[in-house]
Asks: 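My structure is below; once you've seen it, I'll send some questions.
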Number of protein chains: 2
Amino acid sequence: MASIKDVAAAAGVSVATVSRVLNGHPSVSADARTRVMGAVDTLGYRPNAVARSLRTDQTHTLGLVISDVLNPYFTELARSVEEEARALGYSVIIGNADERPELQDHHVRNLLDRRIDGLLVSPTDGGSPLMLDAARAGTPMVFVDRWIPGVAVPVVRADGQAAVRDLVAHLHRLGHRRLAIIAGPAATTTGSERVEAFRAALAEYGLPLPDTYIGQGDFQAESGRRVTEGFLDLPRPPEVVFAADNLMALGALDAVRARGLRVPDDIALAAFDDIPWFVHTDPPVTAIAQPTGELGRAAVRALVDRIEGRTPRSVTLPARLVVRRSCGEAHVPSQTPAPPTQSPSPVQRSTS
Amino acid sequence: MASIKDVAAAAGVSVATVSRVLNGHPSVSADARTRVMGAVDTLGYRPNAVARSLRTDQTHTLGLVISDVLNPYFTELARSVEEEARALGYSVIIGNADERPELQDHHVRNLLDRRIDGLLVSPTDGGSPLMLDAARAGTPMVFVDRWIPGVAVPVVRADGQAAVRDLVAHLHRLGHRRLAIIAGPAATTTGSERVEAFRAALAEYGLPLPDTYIGQGDFQAESGRRVTEGFLDLPRPPEVVFAADNLMALGALDAVRARGLRVPDDIALAAFDDIPWFVHTDPPVTAIAQPTGELGRAAVRALVDRIEGRTPRSVTLPARLVVRRSCGEAHVPSQTPAPPTQSPSPVQRSTS
DNA sequence: TGGACTCGTGGAATCGATTACATCGATGCC
DNA sequence: GGCATCGATGTAATCGATTCCACGAGTCCA
């Protein structure tokens with residue numbers, strides 16, 4: 001592959017001049033410029049990004065470590081991240097952690113070794129020493145979706161509290177009183193926050209959340225299946241299962257179907273994270289939708305701000321409830337049911 | 001960040017010795033080795049992959065350009081590719097083309113600039129000059145899923161012919177005679193092959209495939225919706241719609257539902273590419289399943305063979321029909337219906 | 001005892017870019 | 001006309017690794 005030297009030779013100038021032409025440096029004669037351009041495309045020359053990065057100490061690359069590529073939520077997040085990054089002149093390398101901390105570490109290490117300019121992470125766990133060290137050492141970093149408390153890193157995420165409250169209101173109105181949740185790993189913020197939001201919302205209605213109604217999942221379909229089976233085996237099974245992500249909802253659906261039961265007649269189902277397929281499942285699934293694309297874009301902007309010396313800000317965007325039929329037919333058709341004691345949560349955008 | 005020089009200084013040896021220790025070169029004294037190791041972890045040193053790549057002209061990185069990250073099929077492919085690559089000591093950079101040739105070119109260029117060791121592509125179109133040049137110039141390359149005829153690049157893909165024949169047999173047995181297809185872009189092999197396989201299978205039953213029953217889609221949901229609406233507007237709509245990928249099937253489902261019609265009562269539906277959600281859609285969708293994971297792994301093995309100087313081989317694996325309820329109830333419950341004139345297609349693995 | 005060999009090590013070139021600095025000719029101004 | 005300035009260009013150092021080559025010390029065998 002042709003190098004800058006070959007171009008210089010072909011154009012009859014020095015490598016410095018070639019570099020200047022390529023980087024749009026003003027002090028180059030029109031003549032030299034055209035000769036260089038000519039040489040560039042007769043040789044099909046493309047600058048070697050590796051060499052350039054070594055010299056400039058910039059890769060114009062962002063690392064994105066997500067928890068699970070097979071989860072449509074993260075896939076959509078990844079897409080919007082790449083899109084926004086591209087618009088800002090960066091490319092993105094994705095690392096898929098498959099919800100495994102050691103794999104997450106592998107990717108963080110790999111990305112750091114490649115000297116990416118900044119790191120976008122949705123942590124699978126409470127944070128390995130590796131990641132915490134990197135943050136402390138000053139690697140530009142932004143948490144997206146999930147975060148790690150106590151680390152000085154901006155966070156871009158959705159707040160589901162109001163939407164969970166709306167969901168519980170919806171369920172209560174439909175007459176459901178025994179509500180269970182398939183939680184995510186407690187080590188993740190989304191794992192614990194969603195349970196807490198759910199518990200708090202239930203409390204508003206004087207409803208308990210017994211331990212037997214909290215199933216421990218890991219955000220993967222198989223755990224949703226397993227936990228749901230546990231619920232169904234209970235002497236007094238719940239009337240509703242709320243899955244903390246869409247894959248566990250898929251697993252729950254599998255388990256219910258395997259028993260020959262029907263949603264919502266035998267048991268109702270709701271999920272955190274909305275995906276296009278939920279419109280067409282049997283029945284369509286009531287879900288809490290995150291503004292995924294906006295989250296991805298905001299995260300990239302924050303990270304690039306940090307990289308380019310501006311001050312990044314944390315962003316929290318509201319999630320919202322999308323009512324479908326998996327919890328039973330609404331008496332009054334409505335898309336956004338008003339909660340009992342307060343008005344519908346307003347769209348909010350907080351920064352910290 | 002500490003460099004090899006810092007390690008050398010801390011250990012009281014030269015950079016050459018540090019490099020030798022790091023690369024497991026035999027000719028290093030035990031004493032030097034321990035001193036270097038010590039310096040490495042007190043400094044938290046990690047080799048700079050950028051510098052290393054520049055010197056060795058190897059990045060140990062594979063590029064993967066897929067047509068659409070939002071498509072679960074490609075997402076699963078990407079996952080298996082990354083997994084196998086990791087096992088073989090490579091990492092993967094994914095480029096998402098979103099079915100847009102110019103975006104595909106952007107990623108190919110980007111990956112080439114980064115001097116990846118090899119390229120895995122599922123081409124969005126007939127091949128841009130850029131990609132063809134790269135192939136001719138000797139960049140290690142393997143096509144996966146889709147390919148470009150006339151280019152000397154190994155191909156790893158699934159053969160759906162037998163499965164399509166099984167599907168048509170199934171449909172015929174259910175009494176369907178007017179069968180339509182939502183095709184993918186003709187510029188892609190999967191776009192045209194699936195239509196041809198369908199046409200050939202119909203011919204075996206003396207069934208025509210009129211032009212009005214061939215809708216032109218682009219593998220995205222929206223096109224599936226649009227084409228299906230067109231079918232439904234026909235004076236004599238088809239009894240079955242076969243979508244050439246899962247996203248167009250999703251769009252078809254949207255269109256049918258928007259008209260207030262029911263699958264399979266009003267119109268039957270089948271899709272190429274099986275995904276977990278098809279089990280839970282209303283109704284569960286009959287689909288042709290590809291051995292996606294195996295495809296990804298085989299593609300990586302072929303590419304790495306090529307990179308490491310062995311001879312790569314093309315691989316073709318069979319797809320298979322998975323019958324569910326979206327085409328009507330089978331008279332006799334069966335998972336793999338026998339085609340009328342010949343026995344069920346045996347599992348085959350051809351190499352070229 | 002001395003030459004051949006091995007082993008461990010360091011010096012320095014190298015990969016392909018960027019960029020500070022030096023150089024040189026032309027121009028402008030007093 | 002002479003000196004400062006400016007624009008265009010080249011030379012060479014540099015980024016952080018790898019690796020060829022040379023060298024000194026020790027070992028072995030004739």
Side-chain angles (χ1 to χ4, degrees), chain A residues 1-40 43-61 89 109-117 137, chain B residues 1-40 43-61 89 109-117 137:
Chain A
M1 189 151 268
S3 84
I4 196 171
K5 272 187 206 150
D6 304 315
V7 176
V13 297
S14 73
V15 294
T17 299
V18 176
S19 175
R20 279 188 277 256
V21 170
L22 263 31
N23 293 290
H25 188 96
S27 181
V28 181
S29 67
D31 175 55
R33 187 178 311 273
T34 55
R35 291 220 309 286
V36 169
M37 301 295 235
V40 163
L43 291 174
Y45 169 78
R46 296 245 78 216
N48 182 327
V50 174
R52 185 194 297 242
S53 294
L54 176 61
R55 183 58 237 248
T56 60
D57 202 31
Q58 293 184 30
T59 49
H60 274 279
T61 302
R109 199 178 343 259
N110 185 315
L111 292 166
L112 256 22
D113 286 356
R114 300 178 108 87
R115 301 302 194 264
I116 44 128
D117 292 343
Chain B
M1 188 151 264
S3 82
I4 196 171
K5 273 185 206 152
D6 304 316
V7 176
V13 297
S14 72
V15 295
T17 300
V18 176
S19 175
R20 280 189 276 255
V21 170
L22 264 29
N23 294 290
H25 188 96
S27 179
V28 181
S29 66
D31 175 54
R33 187 180 309 275
T34 56
R35 291 219 310 285
V36 168
M37 300 296 234
V40 162
L43 291 174
Y45 169 78
R46 296 244 81 217
N48 183 327
V50 174
R52 186 193 296 239
S53 293
L54 176 60
R55 183 57 238 249
T56 61
D57 202 31
Q58 292 185 31
T59 51
H60 275 280
T61 302
R109 196 172 353 251
N110 184 313
L111 292 166
L112 256 20
D113 286 356
R114 300 177 107 87
R115 302 301 195 263
I116 44 130
D117 293 343

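Side-chain atoms are counted along with the backbone in the values below, which use heavy atoms only and exclude waters and symmetry mates. Chain letters run A, B, ... following the sequence lines, proteins first, then strands; residues in each count from 1.
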Asks: Within less than 4.0 Å of OP1 or OP2 of dC15(C), is there a side-chain N or O belonging to Asn48(A)?
Replies: no
Asks: Look at the side-chain N and O atoms of Lys5(A) and state whether any lies under 4.0 Å from the OP1 or OP2 oxygen of dA17(C).
Replies: no
Asks: Pick the closest DNA chain D nucleotide for Ser29(A) and for Ala51(A) by heavy atoms, then say which residue is nearer the 5' end.
Replies: Ser29(A)
Asks: Does the side chain of Ser53(B) come under 3.5 Å of the side chain of Asp57(B) through a donor N or O and an acceptor N or O?
Replies: no
Asks: Counting any heavy atom closer than 4.0 Å, what does Val13(A) reach on the DNA or RNA strands: base, sugar-phosphate only, or nothing?
Replies: sugar-phosphate
Asks: Indicate, yes or no, whether a donor-acceptor pair under 3.5 Å links the base of dG10(C) to the side chain of Arg20(B).
Replies: yes
Asks: So, Asn48(B) and Arg52(B): side-chain donor and acceptor under 3.5 Å apart, yes or no?
Replies: no
Asks: Tell me whether the OP1 or OP2 atom of dT18(C) has a side-chain N or O from Arg52(A) closer than 4.0 Å.
Replies: yes
Asks: Please give, in whole Å, the distance from dA17(D) C1' to Leu22(B) CG?
Replies: 10 Å
Asks: Looking at dA8(D), I'd like to know if its phosphate oxygens (OP1 or OP2) sit under 4.0 Å from a side-chain N or O belonging to Ser27(A).
Replies: yes
Asks: Are the charged groups of Arg109(B) and Asp113(B) less than 4.0 angstrom apart, N to O?
Replies: no
Asks: On the nucleotide dT9(D), are OP1 or OP2 found under 4.0 Å from the side-chain N or O atoms that Ser14(A) carries?
Replies: no
Asks: Counting only side-chain N and O atoms of Thr56(A), is one of them less than 4.0 Å from OP1 or OP2 of dT18(C)?
Replies: no
